[in-house]
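If you're wondering where the values come from, they're calculated on a predicted model, not measured in any experiment. Here, residue 1 is the first one in the sequence, and each next residue gets the next number.
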Amino acid sequence: TGTDGKGTRLPTPPEAVPAKRDTQAWVVPGAVFAAVLALELWTLGRAILPGLDEGIYLYAARLIVHGQVPYRDFFLSHPPLAILGAAGGLLLTGFRIQLFEALYAGWCLTTLFPLWRVATFLTGRRTAGLVAVVLFVTFPELVRWDLRYFALRQASLPLLAFVIEAFVVRRRPVRAGILLGLFACCVVTQVPVAGVLVVALAFLPRPREAGGADGAFRRSLPFLSAFGITVGLGYAAVLAIPNAWYDLFLFQVGRPPVPLADRARKLY
């Protein structure tokens, strides 16, 4: 805080607000997390919808648990990172799907903690954090689908939220770069999404930051390096597996496009 030379007190800029270590600050997001998870657990297993991607991904995870290698031993059109996580979840829950879905719902809901932290940090108000998490947990697609049925993009959402928290709030660029690299390794199409976030976080100058875009770039080199190394190593390891190039890229490119009329009908 300061004055404008006339005695008028100026507000503290959001990036100057220190991250609070007050344990009471986590009561609100913790209560929201517990309440929403309890509601999800109450309805888990009461509705089973056939034809969802969950069945394919969890069967792939089961094959991995049994020692088979994706691409080499069975077809898979996505990177295996999130499915490896699902394989670990199946092992942890003893292949009991309802327990797995409870674990999965809890993982997806962890998104609200970095969301709360970023909102309160940037505004200096816990009310903003509460509004942010309430908007998140009341999004219809989240409670209807995303928390209930395993899917790759939904499973990687917490990684994206923790990236923003690590970079903006905690100022841990290496951690943020690694997490963003893991996010990009979950789905091929998330690589350009991660690239957009890299530009937003690393290359654009921040208000009141000396050096402009060049200064922002130099200060973000650890973040960029960690992201590039993680993505490079991740996809290099995957593409070293026989048939991975075909399954991940050539299959997707060679698929016939869905007619525009069918795409338009899905909007309704």
task: Kindly write out the residues that satisfy ring-ring contact (aromatic ring centres under 6.0 Å, His included) with Y104, not counting sequence neighbours, or none if the list is empty.
output: F150
task: Identify, with sequence neighbours excluded, every residue that meets ring-ring contact (aromatic ring centres under 6.0 Å, His included) alongside F249.
output: W245
field: Pairwise side-chain contact, V198 with F223, heavy-atom cut-off 4.5 Å (strictly under)
entry: yes
Salt bridge (Lys or Arg N to Asp or Glu O under 4.0 Å) contacts touching residues 158-168 (sequence neighbours left out): R117-E165, E165-R170
query: Tracing side-chain links under 4.5 Å among I, L, V, M, F, W and Y, which residues wind up in one group with L135?
result: V131
Distance in Å, R62 CZ paired with L91 CG, rounded so as to fall on 0.5 Å steps: 10.5 Å
message: List the residues meeting side chain to side chain donor-acceptor pair (under 3.5 Å) with Q154, not counting sequence neighbours, and say none if there are none.
response: D146
task: Applying ring-ring contact (aromatic ring centres under 6.0 Å, His included), name anything that partners F183, two or more places apart in sequence or on another chain.
output: none
message: Could you tell me if the side chain of Y235 sits less than 4.5 Å from the side chain of V191, heavy atoms only?
response: yes
query: How is the hydrophobic cluster of V196 composed, in terms of its other members, when Ile, Leu, Val, Met, Phe, Trp and Tyr link through side-chain heavy atoms under 4.5 Å apart, directly or indirectly?
result: none
- prompt: Looking only at heavy atoms, what is the nearest atom pair of F121 and V168, with distance?
  reply: CE2-O, 3.6 Å
Separation of L58 CG from I64 CD1 (nearest 0.5 Å): 11.0 Å
task: State which residues pass ring-ring contact (aromatic ring centres under 6.0 Å, His included) with F33; sequence neighbours excluded, sorted by chain then number.
output: F113
Ignoring hydrogens and angles, write down the donor-acceptor pairs under 3.5 Å from the side chains of residues 76-85, residues two or more places apart or on other chains.
unit_1, atom_1, unit_2, atom_2, d
H78, NE2, Y57, OH, 3.4

message: Quick one: does any side-chain atom of W116 pair with a main-chain N or O of W26 as donor and acceptor, under 3.5 Å?
response: no
field: Qualifying residue, where the test is side chain to side chain contact (heavy atoms under 4.5 Å, CB included) with L159 and the options are L179, T110, T111
entry: L179
statement: From the list E40, R96, E54, side chain to side chain contact (heavy atoms under 4.5 Å, CB included) partner of E101 resolves to E54
- request: If a pair satisfies side chain to side chain donor-acceptor pair (under 3.5 Å) and one of its residues is in residues 178-188, list it, with sequence neighbours excluded.
  value: none
message: Side chains of L180 and F167, heavy atoms from C-beta outward: is any pair under 4.5 Å?
response: no
query: CG/L41 to CG/L37 distance, rounded to the nearest 0.5 angstrom?
result: 4.0 Å
statement: I178 meets the side chain to side chain contact (heavy atoms under 4.5 Å, CB included) criterion, sequence neighbours left out, with V174, L182, A226, T230
query: Can you pull the side chain to side chain donor-acceptor pair (under 3.5 Å) pairs that have at least one residue in residues 182-195, sequence neighbours excluded?
result: R153-T189, S156-Q190
message: Is it the case that over 12 heavy atoms from other parts of the model lie below 6.0 angstrom from the OH atom of Y59?
response: no
